[in-house]
Amino acid sequence: MRVRRTFAFVDLCGFTALTSEQGDETAVASLTGFRLAVRETCSRRGVRIAKWLGDGAMLVCVETEPIIGAVIELEHRLTGGRLALRTGLTIGDVIIFEGDDYIGHAVNLAARLCELAKGHEVLAAPELEAYAPPWVHVEHCGEREIRSLGAVELIELSLCAGADPVVDPVCRLPLPPEGVTVTRATASGGIVAFCSESCAETWDGRPTPESDRGVAGG
């Protein structure tokens, strides 16, 4: 069956070297932290982990904006760790194979973009620009030569930088005020800002009230 999906491959740069230089225990600790971050982020944003790939993962989503949000959050969340994250992101029509795998150009391109990306880079197909949340910066990179696929037009996605950011209290992303997509009123009369409805719903469902982190006003 042919379906349209958005795919992301994420990978930890330098995992093999880390294992060699600092030992298996250190490498396992880094991998455990990475997988925990992927599980938590994807679960909240409604992104499916299609498969684990050793020190990486293949992600898939029916909608596109949630998976863009997930990879940008992962990049921000994992920055400062022992290993840098790199990401390739595409959208396209593919064939579902045996119920749990995907075959098609979009999958192959996403994997190649992840291989091409340097640490902290999120490389994507130009079609993804139309789905980028307002807090994601899009930079056009021109054509890049991709192994086995030839010259491909690319964009790079990153978190928007700006003065006086508002911190989403759930995902902890620092949002430019113009990039806020959802708000909630607090008991104290302030406003809490979020990057997405999924983060706002997580806030709504918290078991106990929290301090008004990320307050945008009031």
Side-chain angles (χ1 to χ4, degrees), residues 5-8 10 33-49 57 59-81 84-87 89-91 117 119-140 155-218:
R5 296 287 188 271
T6 305
F7 299 94
V10 293
F34 163 71
R35 290 196 173 188
L36 176 63
V38 172
R39 288 190 182 99
E40 289 181 350
T41 300
C42 289
S43 175
R44 177 173 9 92
R45 293 187 182 271
V47 176
R48 178 176 169 241
I49 303 170
L59 313 179
V60 61
C61 196
V62 175
E63 298 180 13
T64 302
E65 187 168 330
I67 198 169
I68 294 177
V71 298
I72 297 298
E73 179 183 340
L74 284 170
E75 168 56 37
H76 178 75
R77 183 170 176 171
L78 296 172
T79 294
L85 192 69
R86 59 180 179 176
T87 304
L89 194 64
T90 61
I91 185 173
H120 304 298
E121 279 190 337
V122 179
L123 297 182
E127 294 87 346
L128 275 295
E129 181 174 6
Y131 301 94
W135 42 270
V136 170
H137 173 70
V138 179
E139 181 176 347
H140 291 260
I155 59 174
E156 182 178 352
L157 306 178
S158 60
L159 186 63
C160 285
D164 301 320
V166 181
V167 178
D168 184 315
V170 174
C171 66
R172 308 304 298 166
L173 286 174
L175 310 173
E178 65 275 13
V180 172
T181 60
V182 185
T183 60
R184 292 287 194 271
T186 69
S188 60
I191 299 295
V192 184
F194 302 93
C195 73
S196 63
E197 189 63 43
S198 62
C199 282
E201 290 175 355
T202 300
W203 172 269
D204 292 340
R206 68 196 189 282
T208 55
E210 300 179 17
S211 61
D212 293 343
R213 295 174 296 171
V215 171

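Computed over heavy atoms, backbone and side chain alike; hydrogens, waters and symmetry mates excluded.
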(message) Check this for me: does any side-chain nitrogen of one of Arg184 and Glu197 sit under 4.0 Å from a carboxylate oxygen of the other?
(response) yes
(request) Write down the atom of Val47, the atom of Ala70, and the distance for their closest heavy-atom approach. (result) CG2-CB, 4.1 Å
(message) Suppose we screen for side-chain contact (heavy atoms from CB on, under 4.5 Å). Which residues come up paired with Ser43, at least two apart in sequence or across chains?
(response) none
(request) Could you tell me the separation between the OH atom of Tyr131 and the CD1 atom of Ile67, rounded to the nearest 0.5 Å? (result) 13.0 Å
(request) State the OG-CG distance between Ser196 and Leu173, to the nearest 0.5 angstrom. (result) 8.5 Å
(request) Ignoring hydrogens and angles, tell me if any N or O in the side chain of Thr181 forms a donor-acceptor pair with the backbone of Cys195 under 3.5 Å. (result) yes
(request) Taking all non-hydrogen atoms of both residues into account, name the closest pair between Thr183 and Phe194 and its distance. (result) CA-CD1, 4.3 Å
(message) Check this for me: Asp164, atom CG, are more than 12 non-hydrogen atoms of other residues, nucleotides or ligands nearer than 6.0 Å?
(response) no
(message) So for atom CD, which belongs to Glu63, do other residues, nucleotides or ligands contribute more than 12 heavy atoms lying within a distance under 6.0 Å?
(response) no
(request) Check Ile72, Leu128, Val136, Ile68 against Val122 for a side chain to side chain contact (heavy atoms under 4.5 Å, CB included) and give me the one that passes. (result) Ile72
(request) Could you pull out the closest heavy-atom pair between Leu85 and Phe34, with the gap in Å? (result) CD1-CE1, 3.7 Å
(message) Please report the interatomic distance CZ(Arg77) to SG(Cys171), rounded to the nearest 0.5 Å.
(response) 10.0 Å
(request) Could you tell me whether the side chain of Arg86 reaches within less than 4.5 Å of the side chain of Val10, counting heavy atoms only? (result) no
(request) Considering non-hydrogen atoms only, spot the tightest contact between Pro176 and Trp135 and give its length. (result) CD-CB, 4.0 Å
(message) I'd like to know whether Val170 forms a side chain to side chain contact (heavy atoms under 4.5 Å, CB included) with Arg44, so could you lay out the CA-CA distance, the side-chain angles of the two residues, the decisive distance to 0.1 Å, and finally the verdict.
(response) CA-CA 10 Å; Val170 174; Arg44 177 173 9 92; 3.5 Å; yes
(message) Let me confirm one number: the CG-CG distance from Leu89 to Leu123, rounded to the nearest 0.5 Å.
(response) 9.5 Å
(request) Indicate the atoms forming the closest heavy-atom contact of Cys160 with Pro134, along with that distance. (result) SG-O, 4.0 Å
(message) As an exercise, state the distance from SG of Cys199 to CZ of Arg45, rounded to the nearest 0.5 Å.
(response) 4.5 Å
(request) Could you grab the distance from atom CD of Glu73 to atom OG1 of Thr41, nearest 0.5 Å is fine? (result) 3.5 Å
(request) Apply side chain to side chain contact (heavy atoms under 4.5 Å, CB included) to the pair Thr79 and His120, showing each step before the final yes or no. (result) CA-CA 8 Å; Thr79 294; His120 304 298; 4.0 Å; yes
(request) Considering non-hydrogen atoms only, spot the tightest contact between Ala193 and Val166 and give its length. (result) CB-CG1, 3.5 Å
(request) Applying side chain to side chain contact (heavy atoms under 4.5 Å, CB included), run through Leu59 and Ile49 and close with a yes or a no. (result) CA-CA 5 Å; Leu59 313 179; Ile49 303 170; 4.0 Å; yes
(request) Evaluate the side chain to side chain contact (heavy atoms under 4.5 Å, CB included) criterion for residues Thr6 and Val60: first the C-alpha distance (whole Å), next the side-chain angles of each, then the deciding distance (0.1 Å), finally the verdict. (result) CA-CA 6 Å; Thr6 305; Val60 61; over 6 Å; no
